[in-house]
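Each remark here refers to the structure printed beneath this line.
Reckoned from all heavy atoms, side chains included, excluding hydrogens, waters and symmetry mates.
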Amino acid sequence: MVSQLRQLWNALDLRARMVILGATALCVAALISLLRFSSSVEMTALYTGLAAEDAAAIVEKLKAERVPYRLSDGGSTIAVPQEKVYELRISLAREGLPASGQVGFEIFDRSGLPGTQFSNRVNYQRAL
């Protein structure tokens, strides 16, 4: 069979050989790109707008757990595989990460005395 293929190849002119080689290279390239595309993991933002300290702490935790991640926006956004986002958020929240961030309704827990109506409205707007 190999000798028959060799005879067929030798019988072809240069243009036919180039067409066959080009088609073979194109098929191989298409197969490689298809395999890369199908094996790529869809990444979703775990946190955005992080402070540098929080991003560093979260990245260290992800490295320790061997979770693949991707940094963007100058390191302030961390993306992880989509199927692990919620599990990681809960795990990181249990450890108090991110430590800094926007203040929510917990601002009302911090004030000892009831504020004025104006300060309560301002705090409510901040919490939202």
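The distance from atom CD of E95 to atom CD1 of I58, rounded to the nearest 0.5 Å, is 10.5 Å. In this structure, CE in M18 is found 6.0 Å from CG in L14, a value given to the nearest 0.5 Å. Atoms NZ and OG1, on K84 and T44 in that order, are 13.0 Å from each other to the nearest 0.5 Å. In this structure, CD in Q7 is found 8.0 Å from CG in N10, a value given to the nearest 0.5 Å. Here the straight-line distance linking atom OG of S72 with atom CZ of R70 works out to 7.5 Å at 0.5 Å rounding.
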* List the steps and the verdict of side chain to side chain contact (heavy atoms under 4.5 Å, CB included) for V122 and F118. => CA-CA 6 Å; V122 169; F118 176 76; 3.7 Å; yes
* **Trace of the side chain to side chain contact (heavy atoms under 4.5 Å, CB included) decision for Y47 with L97** => CA-CA 10 Å; Y47 292 111; L97 293 171; 5.9 Å; no
* To do: Begin from the C-alpha positions of M43 and Q82 and carry the test side chain to side chain contact (heavy atoms under 4.5 Å, CB included) through to its verdict.
  => CA-CA 5 Å; M43 303 290 264; Q82 186 175 10; over 6 Å; no
* Let me see the working for S119 and T116 under side chain to side chain contact (heavy atoms under 4.5 Å, CB included), right down to the final yes or no. => CA-CA 5 Å; S119 67; T116 65; 3.2 Å; yes
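A donor-acceptor pair under 3.5 Å links the side-chain atoms of D13 to the main chain of A16, judged by distance alone. A side-chain donor-acceptor contact under 3.5 Å links S33 to the backbone of A29.
The cluster map of Ile, Leu, Val, Met, Phe, Trp and Tyr, joined by side-chain heavy atoms under 4.5 Å apart, puts L12 and L21 in the same cluster.
Across all their heavy atoms, P81 and P68 have their closest contact at CD-O, 3.2 Å. In plain terms, the two heavy atoms of L46 and R89 that are nearest each other are O-NE, 3.1 Å. Summarising the geometry of G75 relative to A55, their closest heavy-atom pair is O-CB, 3.4 Å, with the distance given to 0.1 Å.
A heavy-atom distance below 4.5 Å is not found between the side chains of E53 and P98. Annotation: side chain of T77 is not in contact with side chain of L50 (no heavy-atom distance under 4.5 Å). Side-chain contact check for L8 versus Q4: every heavy-atom pair is 4.5 Å or farther apart.
Within 6.0 Å of CD on Q117 lie no more than 12 heavy atoms contributed by other residues, nucleotides or ligands.
For the side-chain contact (heavy atoms from CB on, under 4.5 Å) with I78, the lone residue among T48, D54, L71, L88 that qualifies is L71.
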